[in-house]
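Within every chain, numbering begins at 1; the chains are lettered A, B, ... in the order of the sequence lines, protein sequences first and strands thereafter. Hydrogens, waters and symmetry mates are skipped; everything else that's a heavy atom, side chains included, is used.
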2 protein chains.
Amino acid sequence: MQDNITKLFKAIADPTRRDIFHALVIATSALSITQISNQFLMTRQGVTKHIKILNDAGLVQMKEDGRNRFCFADPKPLKEVNKWMQFYAQFWDDSLDNLDNYLKTKKDA
Amino acid sequence: MQDNITKLFKAIADPTRRDIFHALVIATSALSITQISNQFLMTRQGVTKHIKILNDAGLVQMKEDGRNRFCFADPKPLKEVNKWMQFYAQFWDDSLDNLDNYLKTKKDA
DNA sequence: TCTTTACGCAACTTTTTAGTTGCATATTAA
DNA sequence: TTAATATGCAACTAAAAAGTTGCGTAAAGA
């Protein structure tokens, strides 16, 4: 229903999910759902939903171990986001060109 | 209400807005609202709303000229997105470390 | 075995987002 | 001056997202 890049952007567009992802990236070990939830004010179920979205985007992976589900970050999918951005990077420092073009348009009209 | 980075991520999380942004980046001149709208199936007002969100995020700027509002892309704010990503880039190629840590966790438990 | 812990699932509410229609207004062209 | 064009604004609908409560269940510990 949604393409990967959209899933990725939507996943990281939410501040809570960026926080969860960050916590997992800097964690020295995988963290259980409960351990993650304890770092946030919202309920465990709320956090679980966010983790599911991160998981669907490929940014978080999980390993079941008994009654625990340990989560760990996988930043690799961000490569695709980076690739998307690199195309626009070439316009970062000359984005006033478009303003020039605008002025040209005006002159031509 | 929303921080800049969240505004940016939300702006580019929508496929239509990425399309609008892209069209403006590759355009050889600034485009009016109507010119942009004509490239999409949705109504002009729908497109206008997307442009407003892009404008709030700083990705699109506008110049009024008579009854026209010419829009042009400004990719510079994407630098901040890039900065956000660069932190995680260091983990791209060793993201299995977290899996190792997970296994270590398991062993310790 | 009994209790606690860690979770999933489903139903629900609230808020946000995406998109529409309708109408008013200013600018441009005939 | 009259008609067409480019736009904004407001109200509305529909759908998606964010978050909650409640409950059931399997695993671990006492």
Side-chain angles (χ1 to χ4, degrees), chain A residues 1-3 6-21 24 27 29-57 59-72 102 105-109, chain B residues 1-3 6-21 24 27 29-57 59-72 102 105-109:
Chain A
M1 52 129 191
Q2 259 181 341
D3 53 287
T6 299
K7 270 191 201 170
L8 269 170
F9 278 128
K10 290 205 171 179
I12 59 179
D14 184 274
T16 303
R17 286 195 289 270
R18 285 200 303 280
D19 286 347
I20 293 173
F21 179 66
L24 289 174
S29 70
L31 302 177
S32 71
I33 303 272
T34 301
Q35 285 176 321
I36 298 168
S37 304
N38 289 341
Q39 301 185 229
F40 296 89
L41 294 174
M42 75 180 68
T43 61
R44 172 183 58 84
Q45 289 87 339
V47 170
T48 297
K49 283 197 177 183
H50 283 304
I51 291 174
K52 180 167 173 33
I53 289 168
L54 287 164
N55 180 245
D56 286 346
L59 292 168
V60 163
Q61 295 189 31
M62 291 182 274
K63 275 280 181 184
E64 307 207 1
D65 182 15
R67 64 180 166 181
N68 296 302
R69 288 185 81 194
F70 289 107
C71 306
F72 54 97
Y102 158 71
T105 301
K106 196 175 175 184
K107 195 186 63 184
D108 294 347
Chain B
M1 52 125 194
Q2 258 181 342
D3 53 288
T6 299
K7 270 192 201 171
L8 270 168
F9 277 129
K10 290 205 170 179
I12 59 180
D14 183 275
T16 301
R17 286 195 289 269
R18 286 200 303 281
D19 286 347
I20 292 173
F21 179 67
L24 289 174
S29 69
L31 302 177
S32 72
I33 304 272
T34 301
Q35 285 175 322
I36 297 167
S37 304
N38 289 341
Q39 300 185 229
F40 295 89
L41 294 174
M42 76 180 67
T43 61
R44 172 183 59 82
Q45 289 87 338
V47 171
T48 296
K49 282 197 177 182
H50 283 304
I51 292 174
K52 180 167 173 32
I53 290 167
L54 287 165
N55 180 245
D56 286 347
L59 292 168
V60 164
Q61 295 188 30
M62 290 181 275
K63 275 279 180 183
E64 308 206 2
D65 182 15
R67 65 182 166 182
N68 295 302
R69 287 187 81 194
F70 288 106
C71 306
F72 55 98
Y102 158 72
T105 301
K106 196 174 177 183
K107 196 186 64 185
D108 294 348

Nearest heavy-atom neighbours spanning A:Phe72 and A:Lys63: CE2-CG, 4.0 Å
Residues which pass side-chain contact (heavy atoms from CB on, under 4.5 Å) with A:Ser32, listed by chain and number, not counting sequence neighbours: A:Thr34, A:Gln35, A:Asn68, A:Phe70
side-chain contact (heavy atoms from CB on, under 4.5 Å) involving B:Ile53 - partner list, sequence neighbours excluded: B:Ala11, B:Arg17
Distance in angstrom units between A:Phe70 CZ and C:dA6 P, rounded: 10 Å
Distance, rounded to the nearest Å, where A:Leu54 contributes CG and D:dA17 contributes C1': 14 Å
Write down the protein N/O and nucleotide N/O pairs, taken from nucleotides 20-24 of chain C, whose separation is under 3.5 Å; answer none if there are no such pairs.
from: C:dT20; atom 1: OP2; to: B:Thr43; atom 2: N; distance (Å): 2.9
from: C:dT20; atom 1: OP2; to: B:Thr43; atom 2: OG1; distance (Å): 2.6
from: C:dG22; atom 1: O6; to: B:Gln45; atom 2: NE2; distance (Å): 3.0

Any residue of residues 6-17 of chain A with a heavy atom less than 4.0 Å from an atom of DNA chain C: none
Distance, rounded to the nearest Å, where B:Ile51 contributes CD1 and C:dG19 contributes P: 13 Å
Gap between atom OG1 of A:Thr16 and atom NZ of A:Lys49 - 0.5 Å precision: 13.5 Å
Minimal non-hydrogen separation, B:Thr6 against A:Pro15, with atom names: OG1-CG, 3.7 Å
Shortest non-hydrogen contact between A:Cys71 and A:Leu24, atoms and distance: O-CD2, 3.5 Å
Separation between OG of B:Ser37 and CG of B:Leu31, rounded to the nearest 0.5 Å: 10.5 Å
Considering all heavy atoms, the nearest B:Phe21-B:Leu59 contact: CE1-O, 3.5 Å
What are the atom names and distances for every N/O pair under 3.5 Å that joins the protein to nucleotides 27-30 of chain C?
from: C:dT27; atom 1: O2; to: B:Arg67; atom 2: NH1; distance (Å): 3.2

Contact list for DNA chain C against residues 32-40 of chain A - heavy-atom distance below 4.0 Å: A:Ser32, A:Ile33, A:Thr34
Interatomic distance where CD1 belongs to A:Ile53 and P belongs to D:dA16 [whole Å]: 13 Å
B:Arg18/A:Asp3 ion pair, N-O < 4.0 Å: yes
Side-chain N,O (B:His50) to OP1/OP2 (C:dT17) below 4.0 Å: no
Interatomic distance, A:Lys52 NZ vs D:dA17 C1' [rounded to whole Å]: 14 Å
